[in-house]
2 protein chains.
Amino acid sequence: MARTTDARSRMISSAIDLLRERGVNGVTVDAVLASSGAPRGSVYHHFPGGRSQLVLEAAESSAELMTTMIRSYADVDATTALQDFVALWKDVLVRSDFRAGCPVAALVNETSTDLSGSVDLAGQTFSTWVELLATTFADDRRTRAEAEDLALTVVATVEGAITMCRAQRSVRPLDVAVAQLTGLL
Amino acid sequence: MARTTDARSRMISSAIDLLRERGVNGVTVDAVLASSGAPRGSVYHHFPGGRSQLVLEAAESSAELMTTMIRSYADVDATTALQDFVALWKDVLVRSDFRAGCPVAALVNETSTDLSGSVDLAGQTFSTWVELLATTFADDRRTRAEAEDLALTVVATVEGAITMCRAQRSVRPLDVAVAQLTGLL
DNA sequence: GTCTATACGAAGATAGAC
DNA sequence: GTCTATCTTCGTATAGAC
């Protein structure tokens, strides 16, 4: 029955939104239920591990979404990939009125003992993004190692710029940063 | 009596550490008391506004600490300023075994309704840092506007790299990023 | 100024009916 | 699978003694 998995995926989707906007601690069971409309009685049916499982699955799911996007840049040139990557984040920021950020960064900034593994997940996710971007950046103008350093810098700068954009409620930091990064490509 | 303000400043100091390591929600009254050794009975004496006041004052205080450091770079050259700025953050990371990050970024990643003003504080703090760094970067080789764009990029990249360093428990992201940024100077 | 005790609310989790 | 209690824990805040 497709309906049963429906509630589950809606809960994950709501958890991702909450993770983006309010951080790990903002992903409460009540908030997920309210925002997803899922039946209260089925939370621990779908997530026997409770809130921890819900948060971790939401983080994994959102990380994979972004990973898939980055993977799709494999065949475009470096500048286009950078601009697409940034455009994606600008969309997240603007559509949420600067309330939403990166769910992976949220895992790092808010450490709690009951969510061990969340930091590792963030670390691995960043590695994956860097590897994939490096593949896109690699060409005859630079070595693989140079492409990786460049990719790491792009991820770092974009992540930091997202935080600044949220704080200042403006896309300017991201716009300025991408212009500077383009100079490095 | 210097002793009376002692408990207060110790509480602020503990709150800053907690803000760095566990985020806004990690700054609980109990944790601050445990870590500062301050007497329980005097929390609401020193902070009538309760936890919210404690968190905001801690954030302001830590932001000012970093602002003071950046201001001291006014007379050095751009490359030295960048390296000192990064060295400062590496110290925070390594000494905490990668558990601590930027308290200002923590304000942004974890939004809660009872702490309105925290996002604005973060936005203003980032602006201040960019302005000060831009003053250091400004010289005869570039305009003030160019210096500001450069400074904004430095802050963004360093902030993002800090997040990546914490996630991967390594200073490598910061090292790589600063090498790339040096190319922009 | 600082103590202990306690009220209050929020949130996670479980139990048992349907 | 989903419902409605209910239990428990935790964290903020207050009260009143010292």
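So you know, we letter chains A, B, ... as the sequences are listed, proteins then strands, and number each from 1. Only a predicted model underlies this, so the values are computations on that prediction, with no experimental measurement involved.
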B:Arg51 has an atom CZ; how far is it from atom C1' of D:dT14, in whole Å? 18 Å
Can you name the atoms? Protein N/O to nucleotides 16-18 of chain C N/O, anything below 3.5 Å, with the distance.
none

Measure the distance from CG on B:Asn25 to C1' on C:dG12 and round it to the nearest whole Å. 15 Å
About how many Å separate CG of B:Leu88 and OH of B:Tyr73, when rounded to the nearest 0.5 Å? 4.5 Å
Polar contact flag, side-chain donor to acceptor under 3.5 angstrom, B:Thr28-B:Asp30: no
Less than 6.0 angstrom from the centroid, inside 45 degrees of the normal: does B:Arg8 satisfy that with respect to the ring of B:Phe47? yes
Spacing between A:His45 atom NE2 and D:dC3 atom C1', to the nearest angstrom: 14 Å
Is the CZ atom of B:Arg22 crowded by more than 12 outside heavy atoms at less than 6.0 Å? no
Quick one: does A:Glu110's side chain have a donor or acceptor within less than 3.5 Å of a partner on A:Asn25's backbone? yes
Take the protein atom CD of B:Gln53 and the nucleotide atom P of D:dT12, then report the distance between them rounded to whole Å. 14 Å
Could you check how far CG of A:Asp6 sits from P of D:dT2, rounded to whole Å? 10 Å
Tightest non-hydrogen contact, residues A:His46 and A:Ala7, listed as NE2-CB, 4.3 Å
note: A:Tyr44, atom OH; D:dT4, atom P; distance rounded to Å ~ 16 Å
Let's see if you get this right: which residues in residues 27-43 of chain B place a heavy atom under 4.0 Å from DNA chain C? B:Pro39, B:Arg40, B:Gly41, B:Ser42
Using atom CG of B:Asp114 as one end and atom C1' of D:dG11 as the other, report the distance to the nearest whole Å. 12 Å
Which donor-acceptor pairs under 3.5 Å do side chains of residues 153-162 of chain A form with protein atoms, sequence neighbours excluded?
| residue | atom | partner | partner atom | Å |
| --- | --- | --- | --- | --- |
| A:Thr153 | OG1 | A:Asp149 | O | 2.8 |
| A:Thr157 | OG1 | A:Thr153 | O | 2.8 |
| A:Thr157 | OG1 | B:Thr157 | OG1 | 2.7 |

Measure across B:Gln168 and A:Gly123 and return the closest heavy-atom pair with its distance rounded to 0.1 Å. NE2-O, 3.1 Å
Do A:Arg10 and A:Ser35 have side-chain N/O donor and acceptor atoms under 3.5 Å apart? no
According to a strict under-4.0 Å criterion, is B:His46 in side-chain N/O contact with OP1 or OP2 of C:dT2? yes
Expressed as a whole number of angstroms, how long is the span from B:Arg10:CZ to C:dG1:C1'? 14 Å
